[in-house]
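Counting begins at 1 with the first residue of the sequence. As the structure lists them, so they are numbered: ligands from 1, and atoms in each ligand from 1.
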Amino acid sequence: MIPPTMSAFEATSRYFNEAADLLDLTDNMRKLLLTPKREVQVQIPVEMDNGELSTLIGYRVQHDNACGPMKGGLRFHPEVDLDEVRSLAALMTWKTAVVNLPYGGAKGGIAIDPRTISARELERVTRKFVDQIHDVIGPDTDIPAPDMGSNAMVMAWIMNQYGKYHGFNPAVVTGKPVEHYGMPGREEATGRGVGIFTVKLLSRLGRSPSETKVAIQGFGNVGSHAAKFLQEADCQVVAISDVSGGYYREQGIDISDACRHLREHNGSLAGYRQADAITNEELLELKVDVLIPAALGGVFTAENARRIQAPVIIEAANEPTRPEADAIFNQRGLTVLPDVLANAGGVTASYFEWVQNRQHYQWGINRVRQELDHVLSQAFQTVWETATERQVSLRIAAFMVGIGRVGRATILGGIA
Ligand code: GLU
């Protein structure tokens, strides 16, 4: 996570201001676009399985709704705090705008480690949280989704608990189980999107996938699906990692084999013997062509930025690059595909799920993949062209596209 030298929100605001300068945005407009619409912090008292009382804190920050209902994940992680949620909520506003979805941005979080509690405890925490926020979320106001530490099961609980207050309405939350108003293709969408963008970027840079070595930090939902897509696209995924450490194989790792290991070992790569063990830090500094951080935020810092050897970085995680590291990457001429674009496949698929829930009509996986490819391709092209025309990094170009759209929607909607 981002260390206390600069708060997470200050870091996101820094990119915002750089893009806003290029868009000649007035100070008053900047203030309006940067200020979250609403921040909710609630107490969640829950009885644990052993009968003890535990008091947790839950957050939902609703950043902006000029382009539509606010949208964003719900994060369960011990380091969640208001500043981080605020920053991630703002990021969602720019992300949904970059891919041109009819949404604004929001984010929620509960400071808890879901791996240390039982499924029943997690369900109680989730339902209690919904009890506290049900009147500020809804299919036309704010639609939660999975994020780090939460999953489809949690989304089903949210839908069910919300329904107790407001009646049946599956569109209140996305990323639900496929057999319970969810959508085939939602779970893979963030990783698949990362893969789609990587292949597009390689083509713009004149590189062929078959000559591309990729290292992926994080082998959860996003990292593993990105790895699968890239292997199918002919890239060589030479390194992967999770909390148990990194795994490196110069000739490429067989991703289906690694996924099988994951299934057989409770979701962990620990003990994976088909590759050499390395540390997560060593993985980041490997001499590869593409590096994909797909785990926590804040992995690239002023301390390690000069040692990164990959010329291309795809930000599958949210906020993996500290602003100081970003400046070093720019100075060194590295190409960084920013989080607001790189991981937008997830929220794009969420949008498809929401549309289908509202129409009570279900698409097949082929249509989901086709539409995902279409939306992401357009977004990529717009950001690439903006970066080329304005001679700015892809990150600043993506912020310019996002801020431009939200700014116009704000003015068109009227402020008074
Ligand atoms: N949590 C994901 C993100 O950060 C997905 C959000 C959504 O689907 O609403 O983009």
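With respect to the salt-bridge test (charged N to carboxylate O, under 4.0 angstrom), the residues Glu371 and Arg367 qualify. The pair Arg75-Glu84 meets the salt-bridge criterion, with a side-chain N (NZ, NE, NH1 or NH2) lying under 4.0 Å from an Asp/Glu carboxylate O. Comment: Glu123 engages Arg127 in a salt bridge, judged by a side-chain N to carboxylate O separation of less than 4.0 angstrom. We find that Asp257 and Arg260 are joined by a salt bridge, their nearest charged nitrogen and carboxylate oxygen being less than 4.0 Å apart.
His63 places a side-chain N or O within donor-acceptor distance of the main-chain N or O of Leu33, the cut-off being under 3.5 Å.
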Quick one: ligand 1 N/O to protein N/O pairs below 3.5 Å?
{"unit_1": "ligand 1", "atom_1": "1 (N)", "unit_2": "Pro146", "atom_2": "O", "d": "2.9"}
{"unit_1": "ligand 1", "atom_1": "1 (N)", "unit_2": "Asp147", "atom_2": "OD1", "d": "2.7"}
{"unit_1": "ligand 1", "atom_1": "4 (O)", "unit_2": "Lys95", "atom_2": "NZ", "d": "3.1"}
{"unit_1": "ligand 1", "atom_1": "4 (O)", "unit_2": "Lys107", "atom_2": "NZ", "d": "3.0"}
{"unit_1": "ligand 1", "atom_1": "4 (O)", "unit_2": "Asp147", "atom_2": "OD1", "d": "3.4"}
{"unit_1": "ligand 1", "atom_1": "4 (O)", "unit_2": "Asn318", "atom_2": "ND2", "d": "3.2"}
{"unit_1": "ligand 1", "atom_1": "8 (O)", "unit_2": "Arg186", "atom_2": "NH2", "d": "3.1"}
{"unit_1": "ligand 1", "atom_1": "8 (O)", "unit_2": "Ser350", "atom_2": "OG", "d": "2.6"}
{"unit_1": "ligand 1", "atom_1": "9 (O)", "unit_2": "Lys71", "atom_2": "NZ", "d": "2.9"}
{"unit_1": "ligand 1", "atom_1": "10 (O)", "unit_2": "Lys95", "atom_2": "NZ", "d": "2.8"}

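Within a 6.0 Å radius of NZ in Lys213, more than 12 heavy atoms belonging to other residues, nucleotides or ligands are found.
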